[in-house]
Amino acid sequence: MSGAADPLGARLRTYEGRAAVVGGVGKDPVNSPMIRHWCEAMGDTGAAYRGPDATAPPTMLQVWTMGGLSGHDGRTGAYDELLALLDESGCTSVVATDCEQEYLRPLRPGDQVTFGAVIESVSGRKSTKLGTGYFVTTRMDVRAGGDLVGTHRFRILKYAPAARETRARRPRPVVNRDNAGFWAGVAAHRLLVQRCTDCGTPRHPWLPGCNACGYLDWDTVEASGEGTVYSYVVMHHPPSTAFSEPGPATEPEPEPGQGTGSPYAVGLIELAEGVRMVSNVVGVPPDKVRIGLPVRVEFRTYEDALVLPVFRVVGGEG
Ligand code: ZN
């Protein structure tokens, strides 16, 4: 991409080749205890890493250059300046993307490591699933006794986060042998209430036996779908687009950035048949839901053909 089309990228690339760390010195010489701990943690029983002629595992390269909590001297500030420029441009998020190492000769206990780092490259502006930004690669050259023993390339993506998924997937109901008949009814847009065939008591949620008489046999009655709000809560936190209005997948999605989840009402609905059922109350803003409001069932289809009953306030809006 040309500098004219991407002035920020052109400016960022002026940092290519600039030193990020000069004259770094390893905090400890290469040593047997750290090698032993590493091998134990990795489960590496290689004979080359033990005994009087032990070498350090090559993949320990970065161990010898880590600054620990107290950090390192020798940082030039160039890398921080580069990141600050990206922050100012809106590329406020960062993710490490990959690391490449090259090993030129083995390190041995007693080797004192020195190192320097350079900002090797800055990519053009890239669009990724995470967002749009720039890949920044730094290269650390690790030396011992004047020899280059390895290089360590570390790449990050510094980016402006893309808008989040506009709507989260609605959680699926847990369907089991006891309640499968209820959900089969819902899929067919029928609200089925279990009824004891001995004493005639209706029940919901579905259960294997009658709470009133203990009898196990049952049949169903199709509810009229009429009911009233027996009780309710309005959920504010955590915000979830999976439950917020508008619910159906058939309605337009919110604009990017708008799908952050808004409050929604969960009601305990008393059906005309005398049982109570938990579901969403829709058709009025959540803060207008009241105990005693008349409601009527509505079957909504969500993503992946999920059908759920919700209750719409009779005479409510929309
Ligand atoms: Zn019964």
Side-chain angles (χ1 to χ4, degrees), residues 168-238 240-251 261 263-318:
R169 192 169 181 266
R170 184 91 176 193
R172 313 282 104 173
V174 176
V175 181
N176 57 37
R177 281 191 297 176
D178 291 333
N179 67 13
F182 174 76
W183 291 109
V186 167
H189 291 204
R190 300 172 70 209
L191 202 57
L192 298 180
V193 174
Q194 254 185 328
R195 180 177 57 188
C196 174
T197 50
D198 186 48
C199 73
T201 304
R203 62 179 187 260
H204 186 90
W206 284 34
L207 292 168
C210 175
N211 279 339
C213 73
Y215 199 67
L216 294 179
D217 290 347
W218 51 271
D219 63 4
T220 59
V221 285
E222 183 171 355
S224 66
E226 308 291 330
T228 55
V229 176
Y230 184 82
S231 186
Y232 68 96
V233 292
V234 177
M235 294 298 297
H236 292 266
H237 294 287
S240 170
T241 55
F243 295 101
S244 307
E245 292 286 283
T250 50
E251 288 183 16
Y264 58 94
V266 178
L268 181 60
I269 308 304
E270 184 155 84
L271 296 182
E273 290 74 19
V275 296
R276 295 176 194 147
M277 188 173 292
V278 174
S279 184
N280 285 112
V281 180
V282 303
V284 297
D287 63 350
K288 296 287 190 274
V289 175
R290 293 289 180 270
I291 288 169
L293 278 181
V295 292
R296 182 179 299 129
V297 76
E298 176 176 300
F299 293 94
R300 285 191 169 181
T301 302
Y302 295 85
E303 61 282 276
D304 302 329
L306 173 67
V307 178
L308 293 175
V310 300
F311 287 85
R312 180 172 290 278
V313 173
V314 176
E317 310 150 18

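Counting starts at 1 for both ligands and their atoms, in listed order.
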query: Can you find a heavy atom in the side chain of V297 that is under 4.5 Å from one in the side chain of I269?
result: no
- request: For the residue pair F182 and M277, establish whether any side-chain heavy-atom pair is separated by less than 4.5 Å.
  value: yes
- line: Contacts of R177 meeting salt bridge (Lys or Arg N to Asp or Glu O under 4.0 Å) (sequence neighbours excluded), chain-then-number -> none
- prompt: Between D304 and R170, is there a salt bridge with N-O shorter than 4.0 Å?
  reply: no
message: Contact between V295 and V229 at the side-chain level, heavy atoms closer than 4.5 Å - yes or no?
response: yes
- request: Take the angle between the ring planes of Y264 and F243 and call it parallel below 30°, perpendicular above 60°, tilted in between.
  value: parallel
field: Closer than 2.8 Å to the Zn ion (ligand 1) - protein N, O or S atoms, ordered by chain and residue number
entry: C196 SG, C199 SG, C210 SG, C213 SG
